[in-house]
Number of protein chains: 2
Amino acid sequence: MIQVLIADDHTMFVDGIESILLVEDGIHVAGRCYDGASVIEFVKSNKVDIVLLDVNLPDMSGIEVCKQLAASHPEVKVLAISMYNEESYVSETLNHGARGYILKNTGRDELLKAIRTVYSGATYFSKDVTETIMKGLMNRRKSSTKSTVDMPKISRREKEVLKLIAEEFTTQEIADKLFISLKTVESHRSNLLAKLNARNSAGLVRISLENHLLD
Amino acid sequence: MIQVLIADDHTMFVDGIESILLVEDGIHVAGRCYDGASVIEFVKSNKVDIVLLDVNLPDMSGIEVCKQLAASHPEVKVLAISMYNEESYVSETLNHGARGYILKNTGRDELLKAIRTVYSGATYFSKDVTETIMKGLMNRRKSSTKSTVDMPKISRREKEVLKLIAEEFTTQEIADKLFISLKTVESHRSNLLAKLNARNSAGLVRISLENHLLD
DNA sequence: TTAATTTTAGGGGGAAACCCTGGTTTTTCT
DNA sequence: AGAAAAACCAGGGTTTCCCCCTAAAATTAA
C-alpha cells in the first residue's frame, strides 16, 4: 500500500486529488497538509511513501520543503505538482531532491502513473515539463555561441599559456613547463590581455571560463 | 519530401538506416557522408532538411559539425544519433544546435517518428535520453551541495572583494569602491587565498567561478 | 614567393600582488 | 555576557605581474 501525503494550500484541489486516490487500489491517503511546516511535522510521526507537494506553499517554498525532507527523511519521495511550467521552477525543484514534476492540469490516469512510477524508484515528468527542460537546456547555446563569435582567435600556444595561468602557475613555472623563456610567456600573456580585453590575469581567467576557451 | 542526409562512419549502419528510409513515403535520402568534413561540404551544394548525425565521427566530433552547421546553415536540422546515452554527450550536443538525440538501438518506428517530429520544427528525444538528462539535472544537486559543504565559509565582505577581483579591479580600486584601506583589501584577499586554497588571484577567480561563489 | 601571423626572446621599470607580522573594532554566536 | 569570528588597519619585504619597447626565427596564408 502506497502511503501518500497531499500537500497543497488549496482545499478544493486537495479534495480532488483525494477523491481520485481514495478509489484506487494500492494507494492510501495518509494525510493532508496545507503548508510546508506541517509536511515536515507529519512525516516525523507517520509512515509516508510519497508527498504530492505543491511547489508554491504559503509559508515556505516547496523547494525548501524538498531540501528539508531530503535531509531528514530521504526515504520519502517527493512528487512536485505545480501550476507553472517554467524552467527555473522545474530545475530548482529537481535540484533539491524531487523525484518527479507534474502540472496541475495533469489528468487522473497520468497522476496515478506518476505516483506509481515514483514509488517504484524511478522518476516521472509530464511531457510538457520534459519539453520545457529540453528547451532550457538548448537555449543556453545561443548565449554561448554569440559570445564565441566576437571572440578573437587565440593561438595554440597562447591557449596553453592561458590554461596554465588559470591553473595558478606563475610565469616562471609556465616557462619551465613549456621549455620557453620567461619573457616569451610574458609576451603571450600580454597578447592575451590585449586580445581578450582584460586588465590582468584574474580577468583572463574569468573571460576564458565564461567563454569556454579552455575546452 | 523530407531530404535526409545520413552521416556515420559505419557503412553497415548507414545501409540499415537507408533501407528503412527508402521505402518510406515523404522521406528521401539526399546523401551519405562518412566524416564531418563531407557533411559540411554536402549541405553547401545540396538541399538537406535533416542530418542524421553520428556524434562520434572520425575526423571531427559531431559537436563540431553541429556548431558549424548552425553557423552556416541554420535551416538544416540536426538529429543526433549516438551509441552512448551519457549526460555529457547529450547536453553537449544539444547545446550546439542539435534538435534531437536518439540512440542507435532505436527501432524503425521511433526513428521515423523522430525524423518527422524534428522536420516539423519540434524536438525529439528518446525515452532513455530524456531520463539521462533528468538524472543529470538532478545529480547536480549532489555535486553542488558537496562542493559547497567542504567549501569554507566566505564572509560577506570577502565575497564583495572576491567579486571585484573577478571583475579585474586592482586592490587600490577595490579599496576606493568599498571605502576601506588598501591594506584591508589585501587582508581579505590573503584570507581568501587561504580559504579557497589558491595561490593567486587567477586561482581565486577560477575556483569561485567553478563553485558559483559569486551568485 | 611574398606577406602575415605566430612563436620566440630580451631590457628595463613601475605597479601590483603576495607574505609575514602585528594590532583594534565590530559583529556574531552561544 | 563572554568567546569567537569577522572586519578593519598597517609596515616592510619579496615576488610576480604588467607595460613599454624591439626583433629575429618559424610557421602559415595569400
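Each chain gets a letter, A, B and so on, in the order its sequence line appears, and its residues count up from 1.
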Worksheet item: Reading nucleotides 17-30 of chain C from the 5' end, what letters show protein touch, with B for base, S for backbone sugar-phosphate only, - for no heavy atom under 4.0 Å?
Response: BBB-----------
Discussion item. Base, sugar-phosphate or nothing for A:Ser181? Non-hydrogen atoms, less than 4.0 Å.
Written reply: sugar-phosphate
Worksheet entry | Distance, rounded to the nearest Å, where A:Asn191 contributes CG and D:dC21 contributes P | 14 Å
Practice prompt. Using whole Å, report how far CD of A:Glu158 lies from P of D:dA26.
Written response: 20 Å
Worksheet entry | Between D:dT16 (P) and A:Glu168 (CD): distance, integer Å | 14 Å
Worksheet entry | A:Asp15: partners by side chain to side chain contact (heavy atoms under 4.5 Å, CB included), with sequence neighbours left out | A:Thr11, A:Glu18, A:Arg32
Worksheet item: Between atom CD1 in B:Ile174 and atom P in D:dC8, what is the gap in whole Å?
Response: 13 Å
Worksheet item: How long is the line joining CG of A:Leu182 and P of C:dG12, in whole Å?
Response: 15 Å
Fill in: Sugar-phosphate only, base, or nothing, as touched by A:His188 at under 4.0 Å among non-hydrogen atoms
base
Response to the item:
Rounded to whole Å, CG of A:Leu164 lies from P of D:dT16 at a distance of 16 Å
Item to complete: With sequence neighbours left out, write down each residue that passes side chain to side chain donor-acceptor pair (under 3.5 Å) with A:Asn85, or none if nothing qualifies.
Response: A:Thr132
Response to the item:
Those residues at least two apart in sequence (or on a different chain) that pass side chain to side chain contact (heavy atoms under 4.5 Å, CB included) with B:Leu193 are B:Arg189, B:Ala198, B:Leu204
Worksheet item: Is it true that B:Glu173 and B:Lys177 make a salt bridge, defined as a side-chain N closer than 4.0 Å to a carboxylate O?
Response: no
Restricting to nitrogen or oxygen on both sides, can you table the protein-nucleotides 3-5 of chain C pairs closer than 3.5 Å?
none

Fill in: Distance, rounded to the nearest Å, where A:Ile165 contributes CD1 and D:dT16 contributes C1'
12 Å
Response to the item:
Smallest heavy-atom separation, A:Lys104 atom then A:Asp54 atom, equals NZ-OD2, 3.6 Å
Practice prompt. State, to the nearest 10°, the angle formed by the axis through the first five base pairs of the helix from C:dT1-D:dA30 to C:dT30-D:dA1 and the axis through its last five.
Written response: 80°
Worksheet, complete the sentence: By side chain to side chain donor-acceptor pair (under 3.5 Å), B:Asp176 pairs with (sequence neighbours left out) B:Gln172
Discussion item. Which residues pass the side chain to side chain donor-acceptor pair (under 3.5 Å) test with B:Ser187, not counting sequence neighbours?
Written reply: none
Worksheet entry | Set of salt bridge (Lys or Arg N to Asp or Glu O under 4.0 Å) partners for B:Glu167, sequence neighbours left out | none
Worksheet item: Which residues pass the side chain to side chain contact (heavy atoms under 4.5 Å, CB included) test with A:Thr117, sequence neighbours left out?
Response: A:Lys113, A:Ala122, A:Tyr124
Practice prompt. Take atom CD1 of A:Ile180 and atom P of C:dT6, then tell me their distance rounded to the nearest Å.
Written response: 15 Å
Worksheet entry | Any residue meeting salt bridge (Lys or Arg N to Asp or Glu O under 4.0 Å) with B:Lys47, in chain and number order, not counting sequence neighbours | B:Asp49
Discussion item. Among residues at least two apart in sequence or on other chains, which ones pass side chain to side chain donor-acceptor pair (under 3.5 Å) with A:Lys183?
Written reply: A:Glu186
